[in-house]
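Data first, discussion second: the structure below is written as structure tokens.
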Amino acid sequence: MSLNIKKYAPWLYSAIHGIKDIGFQLEWLFIGYLLPISTLNSAVLAFIIRHFAPNILVTLGYPSVWHGADILEKWPFGLSPLFYGGMLPGMMLFWLFVNRKYIMNTLRAAFGKPPQSLRSSRKRS
Amino acid sequence: MSYRMAYVTLIIGFIIMYTFALALIGRPDVTLLVVGGALLWDGFIRSRVYAYTAMGGPASGWEREGSIYYGWFYVNPATNKPYEWVLSVLGPEGRDLIWAGTLSERWMGTFTNCWGWTHGWYAWTGDALKLAYLSKVPARAVFKVMTVMMIVSISISVPFGLLIWHLVGAKALPAYEGCKLYHVYGRLTRNPNRFEPINPTLGGVWVSLPWIGTGLILGVLMTFAQTRFVWFPLDVTGFYLSWAPPPAKYGIDTMIGLPGSSRC
């Protein structure tokens, strides 16, 4: 459960630019420690960026417009298109690139023309 | 199922989905993003996140993935409303739909982490036939059982899902919000000014192109670095947990502070 701090703690809302709701869920914190370390690193880094960057920009004189989900869409962050439109397809494209030979060989085998290496391994088994 | 049949099914399914979505959306470029997202992007990332964390939910709503705890805890089944002590932070979609949504999602869901219309049935079929192969059970026998079960399932799951919804008083079914990419771009289509354009001449959904390009480069570089260097400490999936709208509820934001209950 989370609290809308703009309603329940307006001083906190105006002090930390970027925060909107606050909550604490211990079970999810424990589950977080089960993540692979690189994933947990990235999640913490992204979390820090998400929280610190708006405050730095406000300190530099920009208006505070990144509370809550707004940071997903507002300039300069645009985290929603940045991730959904960019990072996520980038991850998939790189996977396709790395596995291009495997995919092509699978397609060839599926439609009746397996590569020589696959034919010989089939014969051995 | 042979690889050939799997690919043929995938290709035909893509064509059918694209045609159907094009008829609804009307724009070929946006339709490609929607259907591509449903088949590849969303499924790919979700399956990976779920494998890592078991908390990559398919939706941001309280009534969906992993939310059976919330459904039981916050909503009075007698009135289908949140209890009095529940604060107003629950979104409007949660006020009268959590209970019914939880039940019908569990009833109709084809897979813990994906939607039936993307790769739910597909994954189940592949899993069943692969297990049959490994355990030396004849594929023909498994196929017969699966066919019967699919027919039975079709005939009972949708009516019972609808029945559950109406039993608890839901007046509208939650047909919105399937694929997240659709949702992101759908919002853009409805309100292009929601994203402040860096390059206004692009127009329409493409105002976000600079972000998309930046993210694409970041995603490729990060995945490359992780593949190339064992010590590389970052992973795109982690950013998914912190930044992407749906898992913000279940990701690290949920653990230690929710900067935005990003209802997308």
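Any value given below was found using the heavy atoms of this structure, including those in side chains, with hydrogens, waters and symmetry copies removed. Remember, it's a predicted structure, so these values are computed and weren't measured experimentally.
Of the possible polar contacts, none joining the B/Trp211 side chain to the A/Leu79 backbone as a donor-acceptor pair under 3.5 Å is found.
For A/Tyr102, the OH atom sits in a loose shell: 12 or fewer heavy atoms of surrounding residues, nucleotides or ligands are nearer than 6.0 Å. Summarising the local packing, CZ of B/Arg228 is surrounded by 12 or fewer heavy atoms from other residues, nucleotides or ligands at distances under 6.0 Å.
One distance of note links CE of A/Met91 with OG1 of B/Thr237; it measures 4.0 Å at 0.5 Å rounding. Distance CE/A/Met92 to CG/B/Leu216: 9.0 Å, rounded to 0.5 Å. Taking CE from B/Met222 and OG from A/Ser38, the interatomic distance works out to 10.5 Å, rounded to the nearest 0.5 Å. The line from CZ of A/Phe97 to OG1 of B/Thr227 is 11.0 Å long, rounded to the nearest 0.5 Å.
Contacts between A/Ile16 and chain B at a heavy-atom distance below 4.5 Å are absent for every atom of the residue.
Closest of all the heavy-atom pairs between A/Phe94 and B/Phe224 is CZ-CA, 3.3 Å. Nearest heavy-atom pair, B/Gly238 versus A/Ser42, reported as atom, atom and distance to 0.1 Å: CA-CB, 3.6 Å.
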Inset, instruction - Please assess A/Leu82 against B/Thr214 for the test side-chain contact (heavy atoms from CB on, under 4.5 Å), listing each intermediate value before the final yes or no. - result: CA-CA 7 Å; A/Leu82 181 77; B/Thr214 309; 3.9 Å; yes
Legend entry - side-chain contact (heavy atoms from CB on, under 4.5 Å) between A/Leu45 and B/Phe239, intermediate numbers included: CA-CA 8 Å; A/Leu45 178 68; B/Phe239 290 88; 4.1 Å; yes
Legend entry - Criterion side-chain hydrogen bond (donor to acceptor under 3.5 Å, both in side chains) on A/Thr39 and B/Asp235, from CA distance to verdict: CA-CA 5 Å; A/Thr39 308; B/Asp235 179 10; 3.1 Å; yes
